[in-house]
Number of protein chains: 2
Amino acid sequence: MAETRDRILDALGTLLPEVGPAGATLEAVAARAEVSKGGLLYHFGSKEALFAGFLARLEEATAGEVERMRASADHGVETYLRISSVTDDHFTRTFLSALALIGTAEVDAAATVARVLATYRSAVEECVPDPVLARLVQLVGDGLYLNAMVGSLDPAEDDHVIARIVAMTRP
Amino acid sequence: MAETRDRILDALGTLLPEVGPAGATLEAVAARAEVSKGGLLYHFGSKEALFAGFLARLEEATAGEVERMRASADHGVETYLRISSVTDDHFTRTFLSALALIGTAEVDAAATVARVLATYRSAVEECVPDPVLARLVQLVGDGLYLNAMVGSLDPAEDDHVIARIVAMTRP
DNA sequence: ACCACTGTACCGGCTGGACGGTACAGCATC
DNA sequence: GATGCTGTACCGTCCAGCCGGTACAGTGGT
C-alpha cells in the first residue's frame, strides 16, 4: 500500500530531526511508523533505499513549492522567505531532515539538497530581474534554514528582515 | 602531549567532511592522525569526549575570528562574509565539520553551532547600527555556509553579492 | 653511578552489543 | 490457494570501549 510507504517516510521525517541519522535505526523508523521491521523492509529493501525514497519525495515537494511561489501575487519572494522561516511547515521539516542526512554513507544527500537549492534559485531569478539581488534573496533564505537547523530562529524578529528584502525587490 | 591531541582533532576535522560522522570511526580518526586507537583513547576517553573536544576548539577559534573582524578596517562586514565564502579556510572547514556533527547522538553540536552564530551575530551588530540590516548580513553569511556545506558555492559569483552588501552597510 | 619505582604516552587484540539484512512463518483478502 | 503484507527469530558485521602490555623519562634513595 502506498499509504504505508508514505507513513514510513513521514516517520523518518519526524525521527531525523529528533535523533539524527545515527538514531534513525530501521527498527526505530518502523516503530514510529507503527510497522514491523519486516514490513519496512518489504517496502524499502534497504536503508539506502529508504533514505533515497525520502530524498526523492523532497525533490517532488520542491517542485510543488516552486509552483506555489510562481502562483503567488508578490512574485514569490515573500512566499519563499516565509517558508524558510516557518519551522513547523511540513516542507521545511522535510528539508531540515535532508540536511541531517548529509554526511551519511548510505546516500548523497548533499547532491539532492544542492539540486533543491538550485531549483529554488531559478525560481527566485525568475521574479527578481537583478541577478545579484536574486542571489542575495536566496542566500537569506538559506541562512534562515541554517538557523532553523540549529534551533536559533526567532520568527517574529526575522519578519522585519523579510519585509526589508521584499521592499528591496520591488522598486 | 598537546601536539598529539591537536593532531587528532585536525584528523577529525579533515575526516568529517569526507566521510561524515558515521565514517569517522575511532580507528579511522586514529589512522588519519597516525596514532593507534589506544593512543587516541588515551587522550580522549570516549568518542563523546573526542567530539566535545572538537566543538570546544571551534568555539575558541570563533573568538579569534571575531577578534579579527573587530580589528579589520571595514568594521568587519566584508571580513565576515569573505570567511563564509572561502571553503578552504581552516575555520570554515572546522565550522562545516561541526555542522556535519549535528544529529549525532554523542554530542549536541547544534547548541554549539547556535552559540557560534550568536557570537558572530553580536559582532556584526557591533559594526552595523541598523539591527535589521545586521541580521540580514548575518543571514547571508549563514546562507553562504549552507551552500558551502552542500558544495554549491561559486565564490567568484558571490563576490558581487558581498560587494553589494558591503555597500549597503556604509551609506 | 645504579637501581627501584612511578607516571606518561602509546599500542593492538578482544569482546559485547547494536544494527542491517535475511528467512520464514502467519494472516488477511480475494 | 494465491497474493500482499506483516511479525519475529536469527546471522554476520562493525565498532566503541576495555585491558594487558611496552617504552621511556623522570625521581629519589643509596
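Every chain is numbered from 1 and lettered A, B, ... according to where its sequence line falls, protein lines coming before strand lines.
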Contacting residues from residues 48-57 of chain B, given that a heavy atom lies under 4.0 angstrom of DNA chain D: none

Output the residues of residues 13-32 of chain A in contact with DNA chain D, where contact means a heavy atom of the residue under 4.0 Å from an atom of the strand; sort by number or write none. none

5'-most by nearest nucleotide on DNA chain D - A/Ser36 or B/Ser46: A/Ser36

For A/Arg70, does the CZ atom sit with more than 12 other heavy atoms under 6.0 Å from it, leaving out its own atoms? yes

How about CD on B/Glu34, more than 12 heavy atoms from neighbouring residues, nucleotides or ligands closer than 6.0 Å, or not? no

Is the closest basic N to carboxylate O distance between A/Arg5 and A/Asp10 below 4.0 Å? no

Taking NZ, NE, NH1 and NH2 as the nitrogens, is one of them in A/Glu60 or A/Arg57 under 4.0 Å from a carboxylate oxygen of the other? no

Using whole Å, what does the distance between atom [atom2] of nucleotide [N] and atom [atom1] of [X] come to?
{"X": "B/Glu106", "N": "D/dC15", "atom1": "CD", "atom2": "C1'", "result": "11 Å"}
{"X": "B/Arg7", "N": "C/dA9", "atom1": "CZ", "atom2": "P", "result": "13 Å"}
{"X": "A/Ile8", "N": "D/dC5", "atom1": "CD1", "atom2": "P", "result": "11 Å"}
{"X": "B/Glu3", "N": "C/dC10", "atom1": "CD", "atom2": "P", "result": "9 Å"}
{"X": "A/Leu40", "N": "C/dC19", "atom1": "CG", "atom2": "C1'", "result": "13 Å"}

Given the rule in the salt bridge (Lys or Arg N to Asp or Glu O under 4.0 Å) test, do B/Glu157 and A/Arg135 qualify, once you have shown the distances and angles that lead to the verdict? CA-CA 9 Å; B/Glu157 191 186 2; A/Arg135 178 62 169 159; 5.3 Å; no

Are there any protein N/O atoms within less than 3.5 Å of an N/O atom in nucleotides 22-28 of chain C, and if so, which ones and at what distance?
none

Closest nucleotide among D/dG4, C/dC10, C/dG21 to the B/His43 side chain: C/dC10

Kindly indicate, with the supporting measurements, whether the criterion salt bridge (Lys or Arg N to Asp or Glu O under 4.0 Å) is fulfilled by B/Arg164 and A/Asp130. CA-CA 12 Å; B/Arg164 173 83 58 104; A/Asp130 179 356; 2.7 Å; yes

Would A/Thr14 and A/Arg32 count as a side-chain hydrogen bond (donor to acceptor under 3.5 Å, both in side chains) if you check the C-alpha gap in whole Å, the side-chain angles of each, and the deciding distance to 0.1 Å? CA-CA 9 Å; A/Thr14 67; A/Arg32 178 66 60 96; 2.8 Å; yes

May I have the step-by-step check of salt bridge (Lys or Arg N to Asp or Glu O under 4.0 Å) for B/Asp88 and B/Arg93, ending in yes or no? CA-CA 7 Å; B/Asp88 57 351; B/Arg93 282 210 322 270; over 6 Å; no

Non-neighbouring partners of A/Arg82 that pass side-chain contact (heavy atoms from CB on, under 4.5 Å), sequence neighbours left out: A/Glu78, A/Asp159, A/Ile162

Taking side-chain contact (heavy atoms from CB on, under 4.5 Å) as the test, write out the residues that go with B/Val19, two or more places apart. B/Leu15

Looking at B/Tyr42, does any N or O in its side chain come under 4.0 Å of the phosphate oxygens OP1/OP2 on C/dC10? no

Using the ring pair (Phe, Tyr, Trp, His ring centres under 6.0 Å) rule, collect all pairs that involve residues 111-141 of chain B, keeping only residues at least two apart or in two chains. B/Tyr80-B/Tyr120

